[in-house]
Every structure is written in structure tokens, then in C-alpha cells.
Amino acid sequence: MGSAPVDDEGVVTRARTVVEGGRVQGYFLGSYAARKLGMVTTGNAGGSHNLIVTPFGGDFEALLQRMGRGLLVTELLGQGVNAVTGDYSRGAAGFWVENGKIQYPVHEITIAGNLRDMYTRIVAVGSDIQWRGSRVCGSILVDGMTVAGA
């Protein structure tokens, strides 16, 4: 769906692995960002093409069971990402989970963490695939975020 022979700058696109075995193998770089970093463009000016996150860890129910107790986020509100430090803080709504089962809805809460920590604490990606244009991903289970609110 997002296939294109070239990116927004006319650079040839190609299939590649971005993360493998939990390690970053490459970035999404247009010419400007690549020059700034002393690297080479990856053919991603304008964004990713057909980004597919491979599920691991089971279906949605398995992720809830693995979580045990925590927050199932269904909606994020506002802006709250510092691109320099990676600090992340967003308003959220969703459902509280106990013993791997959804218990009740919650709203007007805040979730917080740091992007680096969040990425390294991805425990599972569910097989409950959602297609958002050319991006494909299931539910993501992240361990150890801060939850605050009523």
C-alpha cells in the first residue's frame, strides 16, 4: 500500500530490516538528516514505506494475561514528547486490568516514561494486527511505565 520506487527526494527505496533481535539495524533518514548525522540517506524522505512490526508474544488475550495488572491504553491525548531527551508524558484513557482481565474504564490519567526505556521494555507485540495505511502493528506490551491520575 505504501510502496514507491523513490522517496520524496527521488532517492531509490528498498526493503530493509530496521530492528532485528531487539537491536536497531537502521534509521529512517532523508538527505538532510543523513548529512547532519554524517550518514547516508536511507530513501525515507517523507517517512517509512510499508512498515511492518512482526508480532511476538501471542494474541491480545495472551498480552493481557502477561501484563497481569496494569493499564490498557486505548486513547492518547495531547502532545508530550521531548525529541531531545526522549521524555514522554501524555494524557490517556483506557481500561484497568487485574489478573489479566479488563476490570473497568479509566480516563483523565497520565502515562509517562522515556522513549529509550520504553523501546527497550517492549515485552510483546500482539498478533491482533491493525493496518494504518502502510503501517502494520499489533498491540504493544510495555513494562514499567508510570501511570498517574484518578
Side-chain angles (χ1 to χ4, degrees), residues 1-4 7-9 13 16-34 36-37 39 41-150:
M1 184 176 232
S3 297
D7 70 2
D8 288 359
E9 298 173 328
T13 60
R16 61 195 184 90
T17 301
V18 180
V19 176
E20 184 173 42
R23 294 193 179 268
V24 174
Q25 303 296 312
Y27 301 99
F28 296 102
L29 302 174
S31 296
Y32 176 79
K36 287 291 216 178
L37 294 169
M39 300 172 79
T41 180
T42 60
N44 290 109
S48 65
H49 305 273
N50 297 318
L51 179 63
I52 300 168
V53 179
T54 305
F56 67 94
D59 62 9
F60 180 73
E61 294 300 322
L63 269 61
L64 288 177
Q65 286 299 312
R66 189 164 182 180
M67 178 193 315
R69 178 176 186 255
L71 177 66
L72 167 60
V73 175
T74 59
E75 182 179 0
L76 292 170
L77 309 164
Q79 301 294 321
V81 180
N82 183 320
V84 175
T85 65
D87 290 338
Y88 182 94
S89 178
R90 302 273 308 267
F95 297 91
W96 189 252
V97 175
E98 291 281 348
N99 300 314
K101 302 279 186 213
I102 294 174
Q103 299 299 311
Y104 51 86
V106 293
H107 57 89
E108 297 181 12
I109 57 173
T110 300
I111 59 172
N114 182 277
L115 290 176
R116 180 185 309 239
D117 295 336
M118 290 165 59
Y119 289 139
T120 60
R121 293 180 178 162
I122 293 174
V123 176
V125 175
S127 59
D128 57 326
I129 301 297
Q130 288 191 9
W131 292 75
R132 303 252 173 142
S134 65
R135 291 160 182 88
V136 180
C137 187
S139 297
I140 301 173
L141 179 58
V142 179
D143 184 33
M145 291 189 69
T146 300
V147 178

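Numbering starts at 1 and runs along the sequence shown.
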Heavy-atom closest pair, residues Arg90 and Gly80 = CD-N, 3.7 Å
Given side chains that start at C-beta, do those of Tyr27 and Leu37 come closer than 4.5 Å, heavy atoms only?
-> no
Which heavy atom of Thr110 sits nearest a heavy atom of Ser89, and at what distance?
-> CG2-OG, 3.5 Å
Given Thr17 and Gln25, is the side-chain hydrogen bond (donor to acceptor under 3.5 Å, both in side chains) satisfied, shown in steps?
-> CA-CA 7 Å; Thr17 301; Gln25 303 296 312; over 6 Å; no
What's the spacing between Asp117 CG and Tyr88 OH if we round to 0.5 Å?
-> 14.0 Å
Enter the distance from Thr42:OG1 to Leu29:CG here, rounded to the nearest 0.5 Å.
-> 4.5 Å
Looking only at heavy atoms, what is the nearest atom pair of Cys137 and Val53, with distance?
-> SG-CB, 3.8 Å
Is a side-chain donor or acceptor of Asn99 paired with a backbone partner of Lys101 at a separation under 3.5 angstrom?
-> no
Asn44 CG to Arg16 CZ distance, which is reported to the nearest 0.5 Å = 4.5 Å
Which pair of non-hydrogen atoms, one from Gly100 and one from Gln65, has the smallest distance, and what is that distance?
-> O-NE2, 3.2 Å
Do Val81 and Leu115 have side-chain heavy atoms sitting under 4.5 Å apart?
-> yes
Evaluate the side-chain proximity of Thr54 to Val125: yes if any heavy-atom separation is below 4.5 Å, no if none is.
-> no
Taking atom types as modelled and ignoring hydrogens, do the side chains of Asn50 and Ser3 form a donor-acceptor contact shorter than 3.5 angstrom?
-> yes
Is the side chain of Asp87 donor-acceptor paired with the backbone N or O of Gly113 at a distance under 3.5 Å, no angle test?
-> no
Face-on cation placement of Arg66 at Phe56 ring, 6.0 Å and 45° thresholds = no
Rounded to the nearest 0.5 Å, how far apart are CZ of Phe95 and NE2 of His107?
-> 11.0 Å
Can you name the closest pair of heavy atoms from Gly43 and His49 and give their distance?
-> O-NE2, 3.8 Å
Are Leu64 and Ile102 close enough, and set up right, to give a side chain to side chain contact (heavy atoms under 4.5 Å, CB included), and what steps lead you there?
-> CA-CA 8 Å; Leu64 288 177; Ile102 294 174; 4.2 Å; yes
Within residues 118-133 or reaching into it, pairs that qualify as side-chain hydrogen bond (donor to acceptor under 3.5 Å, both in side chains) - sequence neighbours excluded = Asp128-Ser139, Gln130-Arg132
Thr41 and Tyr32: CA distance, side-chain angles, deciding distance, side chain to side chain contact (heavy atoms under 4.5 Å, CB included) verdict | CA-CA 8 Å; Thr41 180; Tyr32 176 79; over 6 Å; no
Considering non-hydrogen atoms only, spot the tightest contact between Ile129 and Pro55 and give its length.
-> CD1-CG, 3.7 Å
Residues two or more places apart in sequence or in another chain: which of them pass side-chain contact (heavy atoms from CB on, under 4.5 Å) with Ala62?
-> Asp59
When the side chains of residues 67-78 are checked against the rest of the protein, which donor-acceptor pairs come out under 3.5 Å, sequence neighbours left out?
from: Arg69; atom 1: NE; to: Glu98; atom 2: OE2; distance (Å): 3.1
from: Thr74; atom 1: OG1; to: Ala93; atom 2: O; distance (Å): 3.4

Rounded to the nearest 0.5 Å, what separation is found between the OG1 atom of Thr13 and the CG atom of Asp8?
-> 11.0 Å
